[in-house]
Amino acid sequence: MTKTVSFKVGMTCGGCKGAVTRILTKIEGVTEVKADVDTKLVDVVCEDTVDGEVLHNVLKNWGEKAGKSVELLVDVPAV
């Protein structure tokens, strides 16, 4: 079973979007990353065994280095 974990990320350009997508797709169990620079939303589709906090910590680490904000919005199983 899969779930979707959503974040609000302070992306400002295509480079940010590419970095976020690259970082998250390296995590085992992540099957899809949808990042939108305009809305600053990132939806991560992953196996339900993936801990949303792990995703959040990886993004926060990137955000601190890149000077971008990262907020976990939702971590729920897909229906």
Given the options Leu72, Leu24, Val33, Leu55 meets side-chain contact (heavy atoms from CB on, under 4.5 Å) only with Leu24

Do Ser69 and Lys40 have a side chain donor and acceptor closer than 3.5 Å?
-> no

Give a yes or no answer on whether the side chain of Asn61 reaches the backbone of Asn57 with a donor-acceptor pair at less than 3.5 Å.
-> no

Does one hydrophobic cluster hold both Val30 and Val45, with members joined at side-chain heavy-atom distances below 4.5 Å?
-> no

Gly52 and Phe7 have their tightest heavy-atom pair at O-CZ, 4.1 Å

Are side-chain heavy atoms of Cys46 and Val5 found at a separation under 4.5 Å?
-> yes

Give the intermediate values and the outcome of side chain to side chain contact (heavy atoms under 4.5 Å, CB included) for residues Lys17 and Val20.
-> CA-CA 5 Å; Lys17 177 181 175 178; Val20 166; 6.0 Å; no

Evaluate the side chain to side chain contact (heavy atoms under 4.5 Å, CB included) criterion for residues Lys68 and Thr12: first the C-alpha distance (whole Å), next the side-chain angles of each, then the deciding distance (0.1 Å), finally the verdict.
-> CA-CA 9 Å; Lys68 308 296 180 187; Thr12 55; 3.2 Å; yes

Hey, what do you get for CD (Glu32) to OG1 (Thr4), rounding to the nearest 0.5 Å?
-> 8.5 Å

Taking the side chain as every heavy atom from C-beta outward, state whether Val42 and Met11 have any atom pair closer than 4.5 Å.
-> yes

What is the minimum heavy-atom distance between Arg22 and Lys26, and which atoms define it?
-> O-CG, 3.3 Å

Val44, Leu41: one ILVMFWY side-chain cluster at the under-4.5 Å cut-off?
-> no

Option from Asp48, Asp75, Thr49 for which side-chain hydrogen bond (donor to acceptor under 3.5 Å, both in side chains) with Lys3 holds = Asp75

Set of residues satisfying side-chain hydrogen bond (donor to acceptor under 3.5 Å, both in side chains) with respect to Thr25, sequence neighbours excluded | none

